[in-house]
Structure formats: structure tokens, C-alpha cells
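Read the numbers this way: they start at 1 and go in the same order the structure lists the ligands and their atoms. Source: prediction; values computed, not measured.
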Amino acid sequence: MPHKDDNVEFIPSRYPPFPDGLKTTHLETISLAKIQIGDGAEQDRMFEACKTWGFFYLHLLDSDQGRMLYEGSENIARASEHVFALPLEEKAKYPPHKNDTFGYKAIGESRVDKNKKADTVEFFNISKDDMTVPDSEMKREWPKEVLDNKPLLATYIRTAHSVGLQILDVLGTKLGIDDLEEIHQRHKIGETSADVVRMTRGLPRARQLETDDDDKAEIITTGAHTDFGTVTILRNWLGGLQLYAVPNRIAGNLDFGDESGEWMFVEPQQDCAIVNLGDAAVRMSNGVLCSGRHRVITAPGEQGKLPRYSVVYFVRPNNECRVKALRGSGVPNMADDENDEDCIRGSRDNDKN
Ligand SMILES: O=C(O)CCC(=O)C(=O)O
Ligand SMILES: [Fe+2]
């Protein structure tokens with residue numbers, strides 16, 4: 001779509017490049033097409049990436065579903081610009097309900113560090129369940145700017161969910177899971193879940209600082225976290241995402257007291273999504289798979305002068321499911337893995353990530 005209007009913010013083709021010379025992770029790039037045709041070497045590389053960092057780049061342009069995610073995420077980011085441009089009073093009409101995270105999170109509602117500094121990003125979390133049913137069956141209200149894009153969002157949700165499950169099928173096979181169907185049962189598209197498409201818009205650096213004189217200031221936009229679901233498929237176009245250089249194998253390890261590692265940038269790759277595993281994948285594999293701790297800071301260099309958009313799909317277990325370890329030759333037994341106390345519930349209501 002041509003951009004007639006210079007007020008348009010989301011124009012990836014005009015973004016300055018990611019700067020050289022920063023500490024950056026070297027993640028594997030996995031081809032979605034090769035995963036889809038069952039290429040053994042590609043599957044091995046993906047499994048290794050999921051055991052080491054729980055993060056990899058997914059090359060999208062060589063498969064139909066990948067191209068849908070590529071174009072769909074750009075269209076959703078464009079739509080999100082209209083959502084975020086609404087007056088705050090209007091956006092505030094869509095807060096999360098008591099037991100969910102759907103709807104609008106304003107800037108400053110979360111804390112990003114131990115000094116309780118406020119975050120500088122707004123989110124709009126759009127639920128899978130409402131976008132994939134007729135309007136009359138939706139459980140909550142959505143702004144017109146979201147509803148106008150319901151067909152796009154529904155297609156994106158179905159595609160991202162399907163790609164997430166294709167990834168889980170490969171990981172399940174590599175883990176020697178006895179019953180792969182169990183993974184599908186836990187992530188049924190038609191069952192109620194906390195799956196969302198998250199639209200995000202992070203403030204540019206100039207708007208975060210009182211003055212714009214400290215070009216190098218590191219401002220945390222979204223604080224350190226692990227995602228609580230199973231698989232996350234992320235599209236971002238500006239830098240700022242960082243991965244903590246100590247792999248995390250503990251589900252829900254949100255007590256980030258240790259500061260021994262360092263933060264490394266994950267450079268966005270034009271033709272790729274960034275895929276990462278969440279706590280439910282750690283739990284289902286009894287810690288064989290890894291859920292990488294990450295955060296977002298202001299995009300580096302010139303990029304940081306621009307508002308930062310991202311589009312995130314979270315594949316999460318169905319609400320009713322108890323996320324126990326799966327049984328399989330590659331999943332170590334844990335003495336207490338039958339213990340419900342030790343299970344993550346499908347809906348981790350209080351978590352925002
Ligand atoms: O915007 C990004 O690059 C990452 C966002 C993220 O980690 C999240 O929303 O959980
Ligand atoms: Fe995240």
C-alpha cells in the first residue's frame with residue numbers, strides 16, 4: 001500500500017539500518033518450507049536451537065504460510081497504527097478483564113526493573129477466540145479499528161497457530177513423545193485459550209527522555225521476562241529486542257535476581273520471524289527445551305528516534321489444560337511430575353507476558 005501521508009509511522013522500507021558494532025546474538029535461521037517438507041537436517045538444527053536458547057529466526061518467504069505471516073504482520077502493524085492513534089480515553093475503554101490479558105495496556109502500567117521504573121510501551125492484545133468466531137459469539141467489545149481487520153486477524157491467527165503446532169510437532173518427535181496427539185489436544189484452536197495477537201508500539205527515545213541529549217541512554221521499554229505460553233512468533237522491524245546470555249530452563253523463573261549474564265541484541269532479519277519458546281514448552285519437556293529471558297530496550301542508534309512497532313502471536317495451552325510434562329523417551333522423568341502443584345495452568349491469568 002503506498003504511503004501518501006508523511007504522518008504514517010510504520011514504514012519499514014524507510015527505517016535506518018541496525019547499527020554495526022553492537023553485541024548481537026547469532027541465532028540459527030530455520031526455513032519454514034524445509035520444516036514443512038520434513039527436512040531432517042533442518043529439524044535437527046531447530047531442535048538444537050530450542051534446547052540452547054529457545055530462540056531462532058524462521059525464514060518466511062519460501063512457504064505459503066510463511067508469506068502470509070510476512071505480509072499479514074505488516075498489515076496488522078499498519079492497522080495497529082490506527083488503533084494506537086485513538087485518544088487514550090478511547091483505548092482505555094478496552095482494559096483487560098479480571099481473569100485475562102485481552103485489550104489495551106497503556107504506557108506505564110508495568111514495572112521494568114527492581115527500581116520499579118515504568119515501562120514505555122503500549123499493547124493491544126487481541127484474542128484468538130473472539131477473532132475466529134462470528135461477531136454474535138464474541139465475548140467482549142473491540143474498537144472499530146480492530147473489527148475492520150477481523151478477516152486479516154482471523155487468517156493470521158489460524159496461520160500462526162498452525163505454524164506454532166508444526167514447530168511443536170517437530171520438537172515433540174525429537175523428544176520421542178509417545179503421543180503427539182497430546183500436544184494438539186493441549187492447543188486446540190477451537191478451545192478457549194489466552195492466545196493473542198499482540199500489537200505493540202514502543203515510544204521513541206526522544207519521547208522517553210526529558211531531553212534528547214543522551215543518545216546512548218538505554219531505556220527499557222518492556223522489562224525482562226519469559227513468555228508464559230508454548231511458542232511465540234514475533235515480527236519486529238526495528239532493533240531493541242535483547243536476549244539474556246544465560247539460557248533459562250526453569251518454567252516461570254521470573255525471579256531475575258541474578259545479573260551474571262549480559263544482554264545481547266537480536267537483530268531483526270527482514271525475511272524472518274523470530275520464534276521463541278515459552279514456559280509451557282519448558283514444563284512440557286521437563287527443562288529440555290529452553291525459554292529465553294528477553295526484554296526490549298529503545299532501538300539502537302538512529303532507529304531509536306522512531307516509534308517501534310511489533311506484532312506478536314502467542315500460542316498458549318488451552319485454559320482447561322494442566323501443563324504437565326509429556327511422556328517420551330527424550331523427556332526426563334521428574335519424581336513429582338504427576339503432582340498438579342507442579343503444573344502450569346493453561347491460563348496463567350496474572351502474567352502479562
Ligand atoms: O516487541 C518485541 O520485539 C518483543 C515483545 C515481547 O517480548 C512480548 O511482547 O512478549
Ligand atoms: Fe516476550
In plain terms, say whether [X] and [Y] are close enough for a salt bridge, that is, a side-chain N and a carboxylate O under 4.0 Å apart.
X: Asp135; Y: Lys150; result: yes
X: Glu122; Y: Lys91; result: yes
X: Arg186; Y: Glu182; result: yes
X: Arg201; Y: Glu9; result: yes
X: Asp227; Y: Arg316; result: no

So the angle subtended at the Fe ion (ligand 2) by Asp227 atom OD1 and His294 atom NE2, rounded to 10 degrees, is 90°
Taking only heavy atoms of [X] into account, list the atoms of ligand 1 that are under 4.0 Å away from them.
X: Phe314; value: 8 (C), 9 (O), 10 (O)
X: Leu234; value: 2 (C), 3 (O), 4 (C)
X: Ser310; value: 1 (O), 2 (C)
X: His294; value: 7 (O)
X: Arg198; value: 8 (C), 9 (O), 10 (O)
X: Asp227; value: 10 (O)
X: Arg308; value: 1 (O), 2 (C), 3 (O)

Arg198 to Tyr313, cation-pi by 6.0 Å centre distance and 45° axis angle =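 No, Arg198 does not sit over the ring of Tyr313.
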With a distance cut-off below 6.0 Å to the six-membered ring centre and an angular limit of 45° from the axis, does Arg78 pair with Phe10 as a cation-pi contact?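 No; the conditions do not both hold, so Arg78 does not lie above the ring face of Phe10.
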Looking at His225, the N/O/S atom that lies nearest to the Fe ion (ligand 2) is called NE2
Q | Residue-ligand contact Arg295/ligand 1, heavy atom below 4.0 Å | A |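 In this structure, Arg295 fails to qualify as a contact of ligand 1 - no heavy atom is under 4.0 Å.
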